[in-house]
Amino acid sequence: MKMANMLVSTLREVPAEAEIDSHKLMLRAGMIRKMASGIYNYMPLGLKVLKNIEEIVRQEMNDAGAQEFLASAILPAELWQESGRWDVYGEEMFRLKDRNNREFCLGPTHEEVFTDMARNEIKSYKQLPVNLYQIQTKYRDERRPRFGIMRSREFIMKDAYSFDKDQEGLDVSFDKMNEAYVKIFNRCGINAKCVEADSGAIGGSNSAEFMVKSEVGEDDVVFCNACDYAANMEKAPSTVDKAEKEEAKELVKTETPNIRTIEELTSFFNTSAKKFAKTLIFNADGKIVAVMVRGDREVNETKVSNDLGGIAQLEMASAEDVFKATNAAIGFAGPIGIKIDELLVDEEVANMYNFIVGANETGFHLENANYGRDFEGKVGDYRNITIGEKCPACGSEITIARGTEVGHIFKLGTKYSETMKATFMDENGKDKPFVMGCYGIGVTRTMASVIEQHHDEYGITWPLALAPYHVSVIPVNIKDEEQMEIAEKLYNELRALGVDALLDNRNERAGVKFKDSELIGIPMRITVGKKIGDGEIEFKLRTKEVEVIRVEDVINKVKEEFKKNNFKL
Ligand code: ATP
Ligand code: MG
């Protein structure tokens with residue numbers, strides 16, 4: 001492409017709306033532009049990168065034996081009502097009506113569609129296994145769209161669905177996808193770790209996420225220091241820190257005027273947070289639920305939600321609901337005499353003695369509460385694991401790091417095929433539900449994650465396989481005939497080899513052209529300047545120093561780079 005005819009929308013200023021590096025750089029390099037909150041247009045340069053990622057995904061999916069499919073993005077409500085998710089999916093689903101008042105949604109995910117397709121098209125075990133995928137636009141009305149295309153409301157996902165005749169078949173399909181994902185993320189130049197995960201609203205028994213370590217990640221990932229164990233914090237089981245046994249003392253009601261938070265309470269009672277149990281009140285789709293954890297712990301909302309049967313939306317209860325439950329202002333809730341639908345007690349709390357809880361009376365707490373004697377509830381693991389706790393696999397210490405989820409693979413089993421009556425005929429002529437798996441990659445989120453890992457103070461440093469263009473050829477002075485002639489010749493030779501080259505023939509200062517090339521992240525730069533009189537030009541790798549080389553050597557130099565990167569021309 002010749003840049004004089006190209007829309008180059010680079011910005012020198014850092015846009016105020018962007019908080020993280022990838023978002024800033026995508027705006028500055030002119031890769032994306034915002035339409036509305038969480039909704040973006042892909043500019044020509046951004047689209048080229050996106051297509052490169054899609055192609056890697058497509059090749060690896062095809063190599064793993066999956067077939068490409070393209071479903072509609074607009075989906076009839078009936079399908080979702082059949083699976084039971086129309087009501088459960090909640091506010092994240094974009095819903096709409098047609099002129100005849102029929103209800104539809106913009107697909108946030110496609111399990112129903114592919115299950116429906118399988119029940120219509122696959123009749124016999126002889127046709128199995130089948131794995132179908134698509135690379136398509138998804139819609140989710142996220143509560144907090146942010147970080148540009150990292151968490152957007154319209155995004156591109158590669159989603160695949162496997163259909164097997166039995167569990168063993170599913171295990172094979174799942175492992176194949178796992179391997180394909182490792183290859184995809186490697187080829188994209190990002191280090192994504194496979195971690196145990198919660199299955200969320202999609203359901204099913206077994207799932208793993210591909211996480212990229214990142215300070216701007218929205219997930220907490222638990223890693224073991226000694227073994228391979230890694231899991232999303234939502235999933236990682238905590239260990240019970242058993243308190244030393246004490247004789248139960250008598251309950252004492254103590255006035256604690258305006259003392260509400262654990263910090264205020266520990267200094268007021270002059271004791272450690274471990275002597276308190278806090279009672280948090282949630283609204284779980286209309287049901288009022290209280291959860292008790294030790295004073296220094298955090299409630300794990302995923303564990304709570306799963307325990308309540310996978311409630312889609314768990315929210316802190318309103319002040320009004322808290323008052324109804326406790327007859328007190330926020331900050332004084334406790335388990336004794338509380339009026340709620342269900343009390344969940346973290347196992348650690350059930351193993352504490354003589355601890356302090358809210359009195360359900362404004363301005364009061366109770367000392368010497370004991371589980372079993374003073375109150376009872378459903379005991380379970382309802383809290384987040386913390387740094388230094390035991391690894392669930394080997395017992396060594398764990399650490400926690402921030403991560404971004406770029407992919408998610410699930411063993412769905414027969415969850416959808418049973419409810420939607422999607423069956424095939426087995427070897428004995430019997431109808432059996434398909435055993436399914438589903439596998440997603442956030443294609444647009446992967447693009448942002450690659451930039452998070454590949455950038456410097458000057459701009460993006462794309463891996464060769466993803467770069468919008470491989471080489472930029474820059475004549476320093478476009479009015480100099482010799483410089484232009486050689487630059488154009490090199491540009492044509494590179495293109496003939498299959499190299500995606502740019503010729504920066506814009507009437508701009510060389511400094512501007514260098515800056516743009518660096519910001520956009522072109523991996524190689526060839527500068528044709530004054531030294532061409534001596535047969536010399538400059539060659540520069542994006543992250544290395546300038547080399548002065550003979551003009552006749554430059555094509556080989558470029559070829560070598562492709563070879564080093566295992567990139568076939
Ligand atoms: P998250 O927890 O980040 O919301 P999820 O668990 O809802 O993700 P899945 O339903 O598993 O995501 O979707 C598969 C993949 O799609 C994710 O691994 C992620 O890469 C991508 N994805 C999900 N939501 C978004 C979004 N709002 N914007 C961009 N990519 C997304
Ligand atoms: Mg989500």
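As the structure lists them, so they are numbered: ligands from 1, and atoms in each ligand from 1.
When each atom of ligand 1 is checked for a heavy atom of Glu142 under 4.0 Å away, the hits are 24 (N), 26 (C), 27 (N).
If you check each of Lys138, Glu405, Met447, Arg445 against atom 2 (O) of ligand 1, the one with the closest non-hydrogen atom is Glu405.
For the pair Met150 and ligand 1, a heavy-atom separation below 4.0 Å is found. Residue-ligand proximity: Val406 is placed with a non-hydrogen atom under 4.0 Å from ligand 1. Under a 4.0 angstrom heavy-atom cut-off, Thr404 registers as lying outside contact with ligand 1.
Heavy-atom neighbours of Gln127 CD from other residues, nucleotides or ligands within 6.0 Å: above the threshold of 12.
With respect to Arg542 and Asp456, a salt bridge is recorded, a charged nitrogen being found less than 4.0 Å from a carboxylate O. Salt-bridge check for Glu142 with Arg151: passed, with a basic side-chain N closer than 4.0 Å to an acidic carboxylate O. No salt bridge links Arg297 with Asp346; every basic N to acidic carboxylate O contact stays at or beyond 4.0 Å.
Here the two rings, on Tyr133 and Tyr161, have centers that are 6.0 Å apart or farther.
The shortest N or O to N or O distance between Thr444 and ligand 1 is not under 3.5 Å. When only interatomic distances are considered, the shortest N/O to N/O separation between Phe155 and ligand 1 does not fall below 3.5 Å.
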